[in-house]
Amino acid sequence: MAEVKRYIMSASALDYSELHTSKGNQLKWKQDGYWYKADQFGYEGIAEYVVTHFLSETTVPFPYVTYEPVVIEYEAREYVGCRSKDYYITNPHLQGYEQVPLERLHRQFTAKNLSEHIGLIPEAEDRVKYTVDFVTDITGLDRFNDYISFLVQIDAFFYNEDRHFNNITVMWNPDDDTYDYCPYYDFGLSLFADTRDDYPLTMSVEQCMKLIKARPFSNDFVKQVEACRSISDVELAFRITREQMGQEARGMLQDIDVDERVVERIVWVLSDREN
């Protein structure tokens, strides 16, 4: 059985900027070229690890951050969480670029809150189209439609309930005012990882599925995916079967001694449910 690696954080490594989720903010540190995040609601680090592991088995052409589970020691306290390599290291072409969430981009160019603005648009399809048209017009990223469609499909497959306009991001180069695609990130509230508040481990997966809501274009995952078909024809596909995915996930998680209830929940989501 493998042992999850432990890392001691220095006081200077703590990042005081807010790491937004739809449910609050999360402790994070940057040290030695890695970002570290502490679990806040349940098994977010495991969710990040599993989702990004299986993204390597997809047809997705855009970059994404990969995570590994860790134990974090900070000021005599111990946190379970995950770490990821700074994506400026893994994506050197982004050196000199700044991360710009869509919420900030929209406020900068329209002085309006993007979430509130699309909330006034009745249909999910029109919300997606407005967002994609706005970003494409400002940034010139002509595949942003595909970028959004893939992201929405990934979130639907893994039941990520925490996609919002502060973690859908573009990269901006202030030197020449050009933009690029930001690696996909922030999958911690996938796979019903919030066991503290919403999906306790005593709850069945069927019950979890009745409660979960998608974001940011609709509260229904299927409707979000369908809405994106109006702006892109890309399809998320895996190079392994669902059965293989479940078997692999079980081995990965049992190897690092994850609670068996968490293992069974994740395996069910990946392999047993209908497409």
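Atoms considered below: every heavy atom in the structure, side chains included; atoms not considered: hydrogens, waters and symmetry mates.
Judged by distance alone, the side chain of Gln224 and the main-chain N or O of Arg215 form a donor-acceptor pair under 3.5 Å. Side chain of Arg163 to backbone of Leu151: no donor-acceptor contact under 3.5 angstrom is found. Counting only distance, with no hydrogens or angles, the side chain of Asn91 and the backbone of His93 share no donor-acceptor pair below 3.5 Å. Checking side-chain atoms of Ser230 against main-chain N and O of Ala227 turns up a donor-acceptor pair under 3.5 Å.
For the side-chain hydrogen bond (donor to acceptor under 3.5 Å, both in side chains) test, residues two or more places apart in sequence or in another chain that qualify with Asp177 are Trp172. For Thr59, the side-chain hydrogen bond (donor to acceptor under 3.5 Å, both in side chains) criterion is met by no residue, not counting sequence neighbours.
In terms of heavy-atom proximity, Cys228 sits nearest to Ile148 at SG-CG2, 4.0 Å. The heavy-atom pair separating Phe150 from Glu235 by the smallest distance is CE2-O, 3.8 Å. Closest heavy-atom contact between Tyr67 and Cys82: CD2-SG, 3.7 Å. Closest non-hydrogen pair, Gln31 versus Ile8, comes out as NE2-O, 2.9 Å. Ser190 approaches Ala47 most closely through the heavy-atom pair O-CB, 3.7 Å. Between Gly246 and Val267, the closest heavy-atom pair is O-CG2, 3.7 Å.
For Phe165 and His106, the distance between ring centers is not under 6.0 angstrom.
Distance check: Gln254 CD to Asp259 CG gives 11.5 Å after rounding to the nearest 0.5 Å. Note: Ser84 OG to Asp186 CG = 10.0 Å, rounded to the nearest 0.5 Å. With values rounded to the nearest 0.5 angstrom, Tyr87 atom OH is found 4.0 Å from Met171 atom CE. With rounding to the nearest 0.5 Å, the separation of CG in Asp175 from OH in Tyr97 is 9.5 Å. Between Ile266 atom CD1 and Met252 atom CE the span is 8.5 Å, to the nearest 0.5 Å. The distance from the CD atom of Glu44 to the CD atom of Gln26 is 5.5 Å, given to the nearest 0.5 Å.
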Start with the C-alpha gap between Tyr79 and Tyr36, add the side-chain angles, then the distance that decides, and say whether ring-ring contact (aromatic ring centres under 6.0 Å, His included) holds.
CA-CA 10 Å; Tyr79 301 89; Tyr36 296 79; over 10 Å; no
Is there a ring-ring contact (aromatic ring centres under 6.0 Å, His included) between Tyr159 and Phe192 once you walk through the steps?
CA-CA 7 Å; Tyr159 289 107; Phe192 307 112; 5.3 Å; yes
Take Tyr181 and Phe62, measure what ring-ring contact (aromatic ring centres under 6.0 Å, His included) needs, and give me the verdict at the end.
CA-CA 8 Å; Tyr181 300 97; Phe62 297 101; 5.1 Å; yes
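Side-chain contact annotation: Asp220 with Ser218, donor-acceptor N/O pair under 3.5 Å absent. A donor atom on one side chain and an acceptor atom on the other are not found under 3.5 Å apart for Tyr43 and Glu48. Side-chain contact, Ser115 with Glu103: a donor N or O sits under 3.5 Å from an acceptor N or O. For the residue pair Tyr185/Thr169, the side-chain donor-acceptor check at 3.5 Å is satisfied. Side-chain atoms of Glu248 and His53 form a donor-acceptor pair, as typed in the model, at a separation below 3.5 Å. Using modelled atom types and a 3.5 Å distance limit, the side chains of Tyr7 and Arg83 yield a donor-acceptor pair. For Tyr199 and Glu161, the side-chain atoms include at least one donor-acceptor pair closer than 3.5 Å.
Remark: Arg239 is not positioned above the aromatic ring of Phe54, lacking an NZ or CZ atom under 6.0 angstrom from the ring centre and at most 45 degrees off the axis. Taking the ring axis of Trp35 as reference, the NZ or CZ atom of Lys28 stays within 45° of it and closer than 6.0 Å to the ring centre. Geometrically, Arg127 does not engage Phe217 in a cation-pi contact defined by less than 6.0 Å to the ring centre and at most 45° from the axis.
Here the side chains of Arg250 and Met245 are not in contact, with every heavy-atom distance at 4.5 Å or above. Annotation: side chain of Asp194 is not in contact with side chain of Gln40 (no heavy-atom distance under 4.5 Å). The side-chain heavy atoms of Val170 and Cys182, taken from C-beta on, include no pair separated by under 4.5 Å.
Of the listed residues (Val65, Thr52, Ile154), just one forms a side-chain contact (heavy atoms from CB on, under 4.5 Å) with Tyr184, and that residue is Ile154.
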